[in-house]
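Residues: numbered from 1 along the sequence shown.
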Amino acid sequence: MKAVVIVFLVAVSVCIQCANASKQNLRKKRAWVVDSLYMEEEHSGPFPYKLGDLNIERRSAMEEYFIHGQGIDKDPKGIISVKSNGSVYALGKVDYEEYKKLTVRLTNANTNVAVDIVIQDVNDHAPVFNKEVYEITIDESTPQGEHLVTVLATDKDQFGSANSLFTLRIVSVSPQTSNTEFFIDQAEAELTGTIYFKGCLDYEESQKYTILVEAKDHGEKVQLSSTSTVILNIIDRNNHLPEFTETTDSSWVKAQKSGEPVYRLQVTDKDSRGSAAWRARYSLQGDKAQHFKIQTDPDTNDGVITITEPLNYEESSNLSLTVTVENEEPFFYCTITGRPTHGLWDVRHSRGRSSSTSASFLITSRDTREIVKHVKRLETGPLLWAKKLGMCLSEKNTEITAVDPDQYGPSVHFELMGDVEGEWRLHSNYGTTVRLIKESAVREGDHELTLKISDSRGQVSLQSLLVRVCDCDVSADCHVLRRTAVLQLSVTAVTAIISGLLLLLGMVLMAFHIRRRAKKSTSFRSLSSLNTFEQSLSSDTPEGPAFDGCLLEN
């Protein structure tokens, strides 16, 4: 029994000694506790400066460890120093973009402890675009709100921090135009921004836009930025219809010879010369149209009319033809009707419309058995008296007037083209003067309307009317424009009226001259008398322009 007690006491003593030894070893491993240390990127010094202290239970513990790692004997070498008392010092600068943290290790036979020194990012990088210049090309007919270009920028500062987050904005646009406004859309925290525009593009106003875009970060102490340039090239599209140019040339052709040119019809077009928006395409309608063909001169854009089948004087001495001209490319239009503060502007926009302009003329053939004289009479259709009007915002309506050089009756028909419902309408469609009604939805600004005007003979013209709506209590522009419209007749209308009067006078004189000659001739129907009459007519008629604008040649 005594032996058992002795063995038990020895075992207890050994266990106590083992427990004490384990407790001492545990204390040795936990001789100090490490807190997190932080070091500011690119600190300007002076060096060395203290980062903090290691929490040590026994001052002699540091002497038991081998200190090594990043900042000491690994890159970046010589940046960190750990003193025997546990104080940690920075000896130089560290770049966050190279090192997000430095790991210093303290090791001995029983312990391997890592101390992380976290590098704190400072705003030392500006956001940078992936391109210095973005260049794109778009059609003039592109409607507002369509995607133009997306720009991309990145920032090397700490991801997700204020130093790496940035805002994109448009700094400037050159040239500045009244019908177009550009804006950029960037989602929160996104690296990209998409550029759009409001309003209407107009090639005639600007063929190219240069847009300067800025990316600026949200740094707390300092904000850094950079810029990129967006070049927007505009392709001209068909937003101008061809218009006939009045000429007074005439020609003589052999009566029975096909392939002879009658004359040329000239048109003007404000779109880019040589483009599909400028090139004209003609067609003929009317009496005996099958006897003629019309082709486009590729160099001048003129319509050249030639005879394809011989004319028969006995069948018809007066032929009325109508020429219709359109462009190879479909017509489009874009008109601004309002500029709200938020969102896209209010516009009327149409693409792919089939639109044309028409003119009529008269071919008169006189049987001389050898020649046929072609007398040109170009009819342009009714024209607007004034193409610019002013209206006060408080006014409900205004009058528009048309003049027709080829007709002297009141049967003129007006029609508003395009999507104008709820904004503009005509009180009546007939008469030389009609009333244009402005609805309450119409806002201040310039409004371009298209009017189709036709007369009783089928002559049709498309006329553009600019209506400026403004607050007359604030601006005098409307009053000035209204007085100008009343006092001034457009040059085109005046020219057309004078040409019509001269043409009518010439025809009357010509008829009187022929009647007088016919009375003096007793055998007018014979071939010899007819030749004598033609010779007399030729000798009595002066060379050069006649009253009706025709050139008489032998």
Can you label the angle between the Tyr209 ring and the Phe182 ring as parallel, tilted or perpendicular, going by 30° and 60°? perpendicular
Can you check whether Thr177's main-chain N or O pairs, donor with acceptor, with Thr180's side chain at less than 3.5 Å? no
Report the residues that fulfil salt bridge (Lys or Arg N to Asp or Glu O under 4.0 Å) with Arg273, sequence neighbours left out, ordered by chain and then residue number. none
Quick one about Gln223 and Asn123 (side-chain donor to acceptor, distance below 3.5 Å, no hydrogens or angles considered), yes or no? no
On the 0 to 90° scale, with breaks at 30° and 60°, tag the Phe66-His68 ring pair as parallel, tilted or perpendicular. parallel
Under 4.0 Å between a side-chain nitrogen and a carboxylate oxygen: does that hold for Glu423 and Arg348? yes
State the CG-CD distance between Leu165 and Glu190, to the nearest 0.5 angstrom. 11.0 Å
Is there a donor-acceptor contact under 3.5 Å from the side chain of Gln186 to the main chain of Phe166? yes
Main-chain N/O of Asp157 paired to Asp121 side chain as donor or acceptor, under 3.5 Å: no
Looking only at the SG atoms, are Cys470 and Cys392 under 2.5 Å from each other? no
Restricting to non-hydrogen atoms, name the atom on His447 and the atom on Val469 that form the minimum distance, rounded to 0.1 Å. CD2-CG2, 3.7 Å
Six-ring centre of Tyr99, Lys101 cation under 6.0 angstrom, axis tolerance 45°: no
Please indicate whether Glu421 has more than 12 foreign heavy atoms, meaning atoms of other residues, nucleotides or ligands, lying under 6.0 Å from its CD. no
Might you point out which heavy atoms bring Ala215 and Pro127 nearest each other, and give the distance in Å? O-CG, 3.3 Å
Distance from Thr398 atom OG1 to Arg435 atom CZ, nearest 0.5 Å? 7.5 Å
How far apart are the C-alpha atoms of Ile80 and Leu51, what are their side-chain angles, what is the distance that settles it, and do they pass the side chain to side chain contact (heavy atoms under 4.5 Å, CB included) test? CA-CA 9 Å; Ile80 301 298; Leu51 298 178; 4.0 Å; yes
Any carboxylate oxygen within less than 4.0 angstrom of a Lys/Arg side-chain nitrogen, looking at Lys438 and Glu395? no
Please state whether the rings of His349 and Phe332 are parallel, tilted or perpendicular, taking 30° and 60° as the class boundaries. tilted
Under 3.5 Å, side chain of Thr296 to main-chain N/O of Ala280, donor-acceptor pair present? yes
Here's a test for you: under side-chain hydrogen bond (donor to acceptor under 3.5 Å, both in side chains), which of Asn327, Asn238, Asn301 qualifies with Asp269? Asn327
With salt bridge (Lys or Arg N to Asp or Glu O under 4.0 Å) as the criterion, how do Arg169 and Glu214 come out once you've worked through the C-alpha distance, each side chain's angles and the decisive distance to 0.1 Å? CA-CA 5 Å; Arg169 73 182 183 98; Glu214 178 192 66; 2.7 Å; yes
Tell me if a side-chain donor or acceptor on Asp139 pairs with a main-chain N or O of Ser141 at a distance below 3.5 Å. no
Is a donor on one side and an acceptor on the other found under 3.5 Å between the side chain of Thr194 and the backbone of Thr150? no
Minimum heavy-atom separation for Val347 and Gln144, please, with both atom names. CG2-NE2, 3.5 Å
